[in-house]
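Step one of this worksheet: look at the structure below.
Order of the sequence lines sets the chain letters (A, B, ...), proteins ahead of strands, with each chain counted from 1. Owing to the predicted nature of the structure, the values given are computational and were not obtained by experimental measurement.
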There are 2 protein chains.
Amino acid sequence: MKSNLSLYALTEALRRLPGIGPKSAQRIAYHMLQHDREGARQLSVALSDAIEKVRHCERCNTFTEEMVCTMCTSPDREQSLLCVTETPADMLMIEQTLAYKGLYFILMGSLSPLDGIGPKEINLGKLIARATDGVVTEVVLATSFNNEGEATAHYISEMLKARGIRVSRLARGVPVGAELEYVDIGTIARALLDRQTT
Amino acid sequence: MKSNLSLYALTEALRRLPGIGPKSAQRIAYHMLQHDREGARQLSVALSDAIEKVRHCERCNTFTEEMVCTMCTSPDREQSLLCVTETPADMLMIEQTLAYKGLYFILMGSLSPLDGIGPKEINLGKLIARATDGVVTEVVLATSFNNEGEATAHYISEMLKARGIRVSRLARGVPVGAELEYVDIGTIARALLDRQTT
């Protein structure tokens with residue numbers, strides 16, 4: 001290993017990536033050194049570039065290179081609606097629906113007390129300041145529907161309602177295209193409770 | 001996306017890694033920027049470091065930072081035995097058995113004509129020069145037992161036998177600890193053909 005310190009350091013650095021184990025890290029390192037040194041060079045530059053330039057939007061907390069991101073400064077968005085998501089990826093999913101025209105706030109995580117992630121880690125102070133700016137009238141909670149996401153939504157909902165903001169949550173129910181036989185009973189139970197008059 | 005060029009470039013660079021799709025690339029980029037900028041910095045440095053320093057050993061073709069790797073210069077290894085593997089990872093597996101004391105040659109791939117990988121791409125010229133140095137008397141073929149590995153072994157075997165070198169291949173048979181009921185019939189057929197007198 002002595003004659004291979006930089007290969008060892010590369011494998012160790014790759015292992016820190018989420019979802020990459022020791023075997024994958026080794027495979028990736030070998031692949032890049034054997035077949036794609038240009039790709040490795042690009043990745044090295046992209047990493048140091050991103051660390052230096054990417055920051056959080058002052059209004060919505062998403063990743064951006066500006067003080068305020070282009071979404072937040074867009075005049076075409078409905079200013080009184082604020083949708084709260086866990087990640088920028090979740091936000092992109094909602095944008096793809098074309099069903100939402102308001103603004104966003106990105107938590108960059110969800111409450112998870114067991115992992116030491118409390119209200120401060122997910123920027124709830126920043127969210128409250130944003131949601132109580134006098135322009136926002138409704139906050140749409142679009143956190144995940146797992147335990148952490150539900151707890152986060154509940155916590156935010158209580159905090160904002162105490163400050164007189166209307167709070168809503170994405171509807172739960174049977175997915176579009178699903179056959180009831182293959183839907184879990186928890187989802188069906190929720191769809192029964194939340195049934196809509198037609 | 002305009003305000004996020006460096007994040008976009010990072011995600012695209014991560015997608016070039018083997019086994020990383022668009023969703024994983026995005027998840028890794030978000031994770032590093034949100035939770036592990038130090039890890040991202042280390043990876044950036046490790047990549048540029050490895051590209052610059054890692055080369056191929058002049059004797060065995062493995063990755064090394066020297067002209068000749070420490071394995072090849074070790075006086076404790078049997079100089080007349082040469083084991084041929086596809087990757088440095090395969091070599092490490094054989095080393096872990098402690099059952100082999102000779103030297104190695106690493107192909108850095110296997111023959112795969114359909115992918116445009118011919119004898120030149122896997123350094124067969126370098127292997128022939130190495131194996132016909134007058135010291136090596138037996139070459140042990142330890143390429144994989146899939147189609148590409150078998151074809152590679154066959155090709156090398158023919159070439160070296162024509163030059164008077166003894167060539168052997170790792171034994172095929174039932175894995176240690178296996179119950180016959182759960183072993184595939186191809187393996188059992190091979191174990192019958194290659195049965196050993198006890």
Side-chain angles (χ1 to χ4, degrees), chain A residues 1-20 23-24 26-57 62-66 68-71 73 87-89 92 108-109, chain B residues 1-20 23-24 26-57 62-66 68-71 73 87-89 92 108-109:
Chain A
M1 198 49 96
K2 213 194 305 169
S3 66
N4 254 332
L5 278 181
S6 57
L7 180 59
Y8 177 74
L10 175 58
T11 312
E12 286 300 300
L14 285 167
R15 279 184 60 177
R16 283 179 76 148
L17 302 183
I20 306 288
K23 286 259 176 193
S24 299
Q26 196 178 56
R27 196 167 53 89
I28 292 173
Y30 289 162
H31 171 85
M32 285 197 294
L33 288 170
Q34 185 67 22
H35 300 295
D36 195 14
R37 292 200 177 211
E38 172 56 23
R41 197 194 57 75
Q42 282 178 18
L43 179 55
S44 172
V45 172
L47 280 164
S48 63
D49 220 45
I51 302 167
E52 191 192 323
K53 293 184 186 159
V54 175
R55 53 160 87 194
H56 293 285
C57 170
T62 195
F63 290 125
T64 177
E65 293 178 25
E66 322 286 335
V68 176
C69 73
T70 46
M71 169 72 76
T73 50
T87 68
L92 290 177
M108 295 289 176
Chain B
M1 197 51 92
K2 211 193 307 169
S3 65
N4 253 333
L5 279 182
S6 57
L7 180 59
Y8 177 74
L10 174 58
T11 311
E12 286 299 300
L14 285 167
R15 280 184 60 175
R16 283 178 76 148
L17 301 184
I20 306 287
K23 285 257 176 193
S24 299
Q26 196 178 56
R27 196 168 54 89
I28 292 173
Y30 289 162
H31 171 85
M32 285 196 294
L33 288 170
Q34 185 68 20
H35 299 294
D36 195 14
R37 292 200 176 211
E38 172 56 22
R41 196 194 58 73
Q42 281 178 19
L43 179 55
S44 171
V45 172
L47 281 163
S48 64
D49 221 44
I51 302 167
E52 190 192 324
K53 293 184 186 159
V54 175
R55 53 160 88 196
H56 294 285
C57 171
T62 195
F63 290 125
T64 177
E65 294 178 25
E66 322 287 334
V68 176
C69 72
T70 47
M71 169 73 74
T73 50
T87 68
L92 290 177
M108 295 289 176

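- Counting heavy-atom pairs closer than 4.5 Å to chain A, the top-ranked of the candidates B:A46, B:A29, B:G109 is B:A46.
- Taking A:A89, A:A50, A:P88, A:G39 one by one and counting their heavy-atom pairs under 4.5 Å with chain B, the maximum is reached by A:P88.
- Heavy-atom pairs under 4.5 Å with chain B were tallied for A:S24, A:C57, A:G19, A:A40; the largest tally goes to A:A40.
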Does the side chain to side chain contact (heavy atoms under 4.5 Å, CB included) test come out yes or no for A:R37 and B:V54, once each step is laid out?
-> CA-CA 11 Å; A:R37 292 200 177 211; B:V54 175; 4.2 Å; yes
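- To the nearest 0.5 Å, atom CZ of residue B:R16 and atom CD1 of residue A:I28 are 14.0 Å apart.
- For B:F63 against A:L7, the heavy-atom pair with the smallest separation is CB-CD2, 3.9 Å.
- Comparing B:H35, B:Q34, B:H31 by heavy-atom pairs within less than 4.5 Å of chain A, the highest count is held by B:Q34.
- Looking at A:Q26, the atoms closer than 4.5 Å to chain B (heavy atoms on both sides) all sit in the side chain, from C-beta outward.
- The structure places OH of B:Y30 at 6.5 Å from OG1 of A:T87, a figure rounded to the nearest 0.5 Å.
- Ranked by non-hydrogen atom pairs under 4.5 Å with chain B, the options A:A13, A:S48, A:A9, A:S6 are led by A:S6.
- Contacts between B:M108 and chain A at a heavy-atom distance below 4.5 Å involve backbone atoms as well as side-chain atoms.
- Taking CG of A:L33 as the start and NZ of B:K53 as the end, the distance is 13.0 Å to the nearest 0.5 Å.
- Top candidate by heavy-atom pairs under 4.5 Å with chain B, chosen from A:D49, A:I20, A:L17, A:V45, is A:L17.
- A:I51 CD1 to B:L10 CG: the interatomic distance, rounded to the nearest 0.5 Å, is 8.5 Å.
- Note on B:R55, B:H56, B:R27: by heavy-atom pairs under 4.5 Å with chain A, the leading option is B:H56.
- Separation of atoms CZ (A:R41) and CD (B:E52) is listed at 13.0 Å; rounding is to 0.5 Å.
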